[in-house]
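Since we're looking at a predicted model, the values are computed, not measured.
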Amino acid sequence: MRRLAAHLSGDREPFVVPVYVIAGTAGSGKTALALRWAHLVRENYPDGHLYVNLRGYDPGEPVAAEKVLPRFLMALGVPAAAVPSDSESAAALYRSVLADRRVLVVLDNAATVAQVRPLLPGDGSCLAIVTSRGRLSGLAVRDGAYRLTLGTLPEAEAIALLRTVTDGARADGDDRLAELARLCACLPLALRIAAERATDHPYMPIQELMDELRDESRLWDALSTGDEEGEAVRAVFAWSYRALSPEAARLFRVLGLHPGPEFGVGAAAALAGLSVRTARQQLDVLAGAHLLMPTAPDRFEFHDLLRAYATDRVRQEELPEDRSAALLRLLDWYLHTADAAQAMVMPAEDRLPLGPPNTGVEPLSFADHHQAVDWAERERANFLPVVQAAEKSGLDRYAWQLPAVLWNAKSPSLLATDWLAMGRIGLGAARRLEDLTAEAGLLESHGFAWTKTGRTTEALDSHQRALAIRRQLRDTEGEAASLNAVGLVHLRRRELSPAGARLREAADLFGELGETHWHAVATANLGLVDYEAGRLTEAAEEISLALAEHRTEGAERSIGNALWVLSRIRLDRGQHQQALLDAQEAVRIALDLRSHVLEGNWLLALGDAQRALGSYEEALTSYHRSATLHRRLGDHSREALGLQGTGETYQCLDRTEEAAHFHRTAAAAHRELGDAWNEALALDGLARAVRAGDPAMAHGYWTESLRLLCRYDDPRARATRRDVERRLGDVETGG
């Protein structure tokens, strides 16, 4: 710690990023040191802290830099839609975003320089800490990295560690502990496991314990590859593993089949075919032996060495059919638990006919919406690996059903791009099974995911393909759902005529089927089309009918959807206070549902109402929160609407420089997305902000705004054009 601190405070070139490689053999404490030091220096890096476990030595595939860059960029505020698809461009953007920021980056368990280099900041105000079993000499040569190599503990310190852990449990002398330390190669991980074993057997002579360990050591010596420390660690693992009860040993090895980074009690119970109660008891045994690391109540993870050892044991000691049965139970547990979560998170959505879970599987149930969302958040990192495991094992039914269910059970923090990776696997599986119903459902989810990322062309294509399949299958209810989805994409693109036509078809079909909830949903969507067109009377009637039906059902999500549109209608009619109340109720519903998507959208309506009432500080808070949420979600279009609202609010405060900045940023974003309507509105705002200081520039912005508005011919567009023409005329005449 002193050497690291001294080097950080020493002289160095101002534009060179300090890069520290903490190297050492497996189990030497590299990660512990890196994280301890990172916590000590984190206050020096107030602009952010990034961490990734590159899993360079896990049994599975290491994490490549191109997989990490999108995560880091989105964590730093880059919209998902703006993340480049090629790794070189993404790395360049990453370095650009970090320029002039003070950010701490921890790259844990790197195997190669190629994993690390694209993730290094390009600015000297940042700090990068890398841990690796290798020397990563290329970082020292090309990047000026400072390398600190951890050796094994000095024998006296190894004895002190053993003495500390066994304090009060045993009365062995230091000579005995020194012998035990040497058998553990003085490595902290091995020492800790051995000390726990000695503590758990206080009346067993230490000589007997060491004889067992020597036996394991001789076995590993016979298989040695020349890595003395590695063989010692494996010997300690085997020694501790063989001391477990048969039940705990079996659980340890089958946990090596779990594809994700960590797991809970329920997943462990499913893998082993145990009751949850028994699994919890055995997990406590494994954690007590330091063969697992607790990460949260009832959640655990492996050290990468121990994961590799468990994976080796399960392959050696479990029959192939038993391994397959364990994986099936795990997939079944995730599928049925996700289905139970969907019932709470999205109760209006149809559920797949799954049938009962397999024998030995106890899926979770949830008392309320919040419990379901909590589970989805905890398991978020496991969803894609689980779907990939199903695909790799040729289990196509699970490979499509899991993404289908997880679309409605996903956590608020799961990005649409994350689901798309699962959805592509599911779509391939459904096509291999020639299951057209499954294919149509996954295409529909793809369409909604593409919409959330602003990719409306891909969204429209997905929904239209789903519509074609459902018509082929004569699935009238599915056809209505696809028509509704197609209409929403047209609405997002402000193609109001086709949007209204498709939504009217959907409403009529839902009505014929007696689907009152979905008929009300389609009716509310029609109300939004009429609102956007400026037909306020029709919009108010449709929204009021839908809202009444949704309140009767108690469908909160749909109530909020109707309320935010009603708030906008009231605002246009000058009913500002009632518009505020409607928007506030909608946002409260979004917060109760813990939906960032809904909260971000409905905050736009709240900000508009607050601004109309002169509550400018509150409006700025709403717009800022909306833009931040949409940035995290990768919805660049709605992020720009938040920026646009911010610009309008600063205009009301006569802070024209800030207003111009936000309008300019919003206009650029809308232009990049091909959204001519909102670009025209942002240019109008920009012209109003700069008019006093630069009338000629304002004239140019209004001219371009009019050119864009000429594409639209609905009542609202015509009224907007008249306003812009009037302002353009004023600036031309000097009025």
### Message
Does the structure place the NZ or CZ of Arg102 under 6.0 Å from the centre of the six-membered ring of Tyr45, at an angle of no more than 45° from the ring's axis?
### Response
yes
### Query
Within the distance-only criterion (no hydrogens, no angle test), does the side chain of Ser595 pair as donor or acceptor with the backbone N or O of Leu598 below 3.5 angstrom?
yes
### Query
So, do Leu104 and Ile129 sit near enough that their side-chain heavy atoms are less than 4.5 Å apart?
yes
### Query
With a 4.0 Å cut-off, would you call Arg71 and Asp418 a salt bridge?
yes
### Task
Begin with the C-alpha distance, continue with both residues' side-chain angles, and end with the deciding distance and a verdict on side-chain contact (heavy atoms from CB on, under 4.5 Å) for Glu658 and Gln651.
CA-CA 8 Å; Glu658 291 101 323; Gln651 185 71 29; over 6 Å; no
### Task
With side-chain contact (heavy atoms from CB on, under 4.5 Å) as the test, would you mind laying out the steps for Thr656 and Tyr650 before giving the verdict?
CA-CA 7 Å; Thr656 54; Tyr650 278 126; over 6 Å; no
#### Entry: Pairwise side-chain contact, Pro70 with Thr417, heavy-atom cut-off 4.5 Å (strictly under)
no
### Query
Is there a side-chain contact between Ser558 and Val521, using heavy atoms and a 4.5 Å cut-off?
yes
### Query
Hey, are the side chains of Tyr623 and Arg611 touching, using non-hydrogen atoms and a 4.5 Å cut-off?
yes
### Task
Determine whether more than 12 heavy atoms belonging to other residues, nucleotides or ligands lie under 6.0 Å from atom CZ of Arg117.
yes
### Heavy-atom check, side chain of Trp677 versus side chain of Leu709, under 4.5 Å
yes
### Sidechain-backbone polar pair: Arg716 side chain, Glu532 backbone, donor-acceptor under 3.5 Å
yes
### Query
Would you call the rings of Trp419 and Trp407 parallel, tilted or perpendicular, where under 30° means parallel and over 60° means perpendicular?
perpendicular
### Message
Show, in sequence, the C-alpha distance, side-chain angles and deciding distance for Arg671 and Glu704, and conclude whether the side-chain contact (heavy atoms from CB on, under 4.5 Å) test is met.
### Response
CA-CA 12 Å; Arg671 187 180 308 117; Glu704 177 62 12; over 6 Å; no
### Task
List the steps and the verdict of salt bridge (charged side-chain N to carboxylate O under 4.0 Å, His left out) for Glu377 and Arg594.
CA-CA 11 Å; Glu377 284 288 347; Arg594 293 167 63 178; 5.7 Å; no
### Task
Taking only Lys NZ, Arg NE, NH1 and NH2, and the carboxylate oxygens of Asp or Glu, determine whether Asp582 and Arg568 approach each other closer than 4.0 Å.
no
### Residue pair Arg493, Thr457: steps toward the side-chain contact (heavy atoms from CB on, under 4.5 Å) verdict
CA-CA 9 Å; Arg493 293 154 65 110; Thr457 300; 3.7 Å; yes
#### Entry: Ionic contact status for Asp592 with Arg588, cut-off 4.0 Å
no
### Message
Tell me if a side-chain donor or acceptor on Ser626 pairs with a main-chain N or O of Ser622 at a distance below 3.5 Å.
### Response
no
### Val78 and Phe72, any side-chain heavy atoms less than 4.5 Å apart
no
### Task
For the pair Glu725 and Arg722, find out whether any cationic side-chain nitrogen is under 4.0 Å from an anionic carboxylate oxygen.
no
### Query
Between the side chains of His636 and Glu639, is a donor N or O closer than 3.5 angstrom to an acceptor N or O?
yes
### Query
Between Leu686 and Trp702, is any pair of side-chain heavy atoms under 4.5 Å apart?
no
### Message
When you measure from the side chain of Tyr94 to the backbone of Leu119, do you find a donor-acceptor pair of N or O atoms at a distance under 3.5 Å?
### Response
yes
### Query
Do any N or O atoms from the side chain of His463 and from the backbone of Ser482 form a donor-acceptor pair under 3.5 angstrom?
no
### Message
Under a 4.0 Å threshold between the charged nitrogen and the carboxylate oxygen, would Arg721 count as salt-bridged to Asp684?
### Response
no
### Task
Begin from the C-alpha positions of Arg688 and Glu648 and carry the test salt bridge (charged side-chain N to carboxylate O under 4.0 Å, His left out) through to its verdict.
CA-CA 10 Å; Arg688 285 183 279 113; Glu648 292 292 346; 2.7 Å; yes
### Query
Can you find a heavy atom in the side chain of Arg570 that is under 4.5 Å from one in the side chain of Gln577?
no
### Task
Can you tell me which residue pairs pass the side-chain hydrogen bond (donor to acceptor under 3.5 Å, both in side chains) test with a partner in residues 519-530, sequence neighbours excluded?
Asn484-Asn525, Asp530-Arg535
### Task
Answer yes or no for Lys452 and Trp450: cation-pi contact, defined as NZ/CZ to six-membered ring centre under 6.0 Å and angle to ring axis within 45°.
no
### Task
Return each pair, listed once, that meets side-chain hydrogen bond (donor to acceptor under 3.5 Å, both in side chains) where at least one residue sits in residues 537-556; pairs must be two or more places apart or across chains.
His517-Glu553, Arg551-Glu585
